[in-house]
Amino acid sequence: MAEAIVSGLLKKRLVNAAQICATDVDSKRLAHFRKTFKIRVSDDNRKSATSSDLVLLAVKPQVMSEVFSGLDLSRNARQLIITVAAGVPIAAIISGLHPRARVVRAMPNTPAVVLEGVTALARGPGVTAEQFTMARAVFEAMGQVVVVDESHLDAVTGLSGGGPAYVYLFIEALADGGVKMGLSRAHAQLLAAQTVLGAAKMVLETKAHPGALKDQVASAGGTTIAGLHRLEEGRLRGTVIDAVESATLRCQELRQQAIVSGKSPATHRR
């Protein structure tokens, strides 16, 4: 995710390479960042973060407490902290850093890697309008942004966080159907993926209700309505709704376990 963010910032020319410094404990990752993006790199979190206007915590939740111990951030309220660590609440970030920390919590998803992601942002106490505009700009460089209350981030995780996996499963099944009916695997996968991409773009650009767009495709007595009937028999809609609910509830369970144990959530996977 850090790589996607750096890529987006540079491609959109929001900053130049000299303004970005990436830190990591893995020297190979640092070499990759330096070679790929021509940015500054360091293995010293404290030195790199102290003087930065914006600090992005793109780490796994289970190492967050270790990251806190290695930071000595400026207590200047002008410094903005953005976290993409799933399940770690804003209050925990502030507690781990310092009381004046200005924190924005972000929940991006993996299509951010190809600059087609969607990110939900939750604004912490004391974050100024200017700081929040900065946070939006970071993630708008990778796709779309929505602003939600922090209490809704579990639902965001269940929907758009895990959503790409649901869509990949649907694309795979759609392509399998084409293969079953005689298409080559390469053609079937291209047709399925481009169909999903085009349909999604229709929803975004027309702003029409998906049901209305569906009806435009399904002519009376035609092939599409026959296929839709079969999907309804298989409870596609109900199953997808159940999947989002199950993922959301699991996210809540992990967060509660973390609160009870006094640790960050034990898993980063959605």
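Worth knowing before you read on, the calculation uses all heavy atoms, side chains too, and leaves out hydrogens, waters and symmetry mates.
For the atom pair CD1 of I5 and CG of L56, the computed distance is 4.5 Å after rounding to the nearest 0.5 Å.
At distances below 3.5 Å, not a single donor-acceptor pair connects side-chain atoms of E116 with backbone N or O atoms of G143. At distances below 3.5 Å, at least one donor-acceptor pair connects side-chain atoms of N16 with backbone N or O atoms of Q19. Between the side chain of S7 and the backbone N or O of E3, no donor-acceptor pair lies under 3.5 Å.
Identified under the side chain to side chain donor-acceptor pair (under 3.5 Å) test for residues 139-149, with sequence neighbours left out: R136-E140.
Listed by chain and residue number, N45 satisfy the side-chain hydrogen bond (donor to acceptor under 3.5 Å, both in side chains) test with T23 (two or more places apart in sequence, or in another chain).
Taking every heavy atom of both residues into account, A86 and P61 meet most closely at O-CG, 3.1 Å. The minimum heavy-atom distance linking R46 with S69 is given by the pair NH2-O, 3.6 Å. The nearest pair of heavy atoms linking T119 to A106 is CG2-CB, 4.0 Å. Here the closest non-hydrogen pair linking L80 and Q131 is CD2-O, 3.3 Å. Counting all heavy atoms, side chain and backbone alike, Y166 lies closest to L159 at CE1-O, 4.2 Å.
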(message) Could you walk me through whether T110 and Y168 satisfy the side chain to side chain contact (heavy atoms under 4.5 Å, CB included) test, starting with their C-alpha distance in whole Å, then the side-chain angles of each, then the deciding distance to 0.1 Å, before giving a yes or no?
(response) CA-CA 12 Å; T110 56; Y168 299 145; 4.0 Å; yes
(request) Let me see the working for V55 and Q79 under side chain to side chain contact (heavy atoms under 4.5 Å, CB included), right down to the final yes or no. (result) CA-CA 8 Å; V55 177; Q79 187 178 62; 3.9 Å; yes
(request) Step by step, work out the side chain to side chain contact (heavy atoms under 4.5 Å, CB included) result for F139 and I82. (result) CA-CA 11 Å; F139 292 96; I82 300 178; 3.7 Å; yes
(request) Given side chain to side chain contact (heavy atoms under 4.5 Å, CB included), test I90 with I93 step by step and report yes or no. (result) CA-CA 5 Å; I90 291 172; I93 304 294; 5.5 Å; no
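Hydrophobic clustering of Ile, Leu, Val, Met, Phe, Trp and Tyr side chains at less than 4.5 Å, counting indirect connections, keeps V118 apart from F132. Both M1 and M134 are members of a single hydrophobic cluster when ILVMFWY side chains are connected at heavy-atom separations under 4.5 Å.
A salt bridge is defined here as a Lys NZ or Arg NE, NH1 or NH2 lying under 4.0 Å from an Asp or Glu carboxylate O, and D176 with R185 meets this definition.
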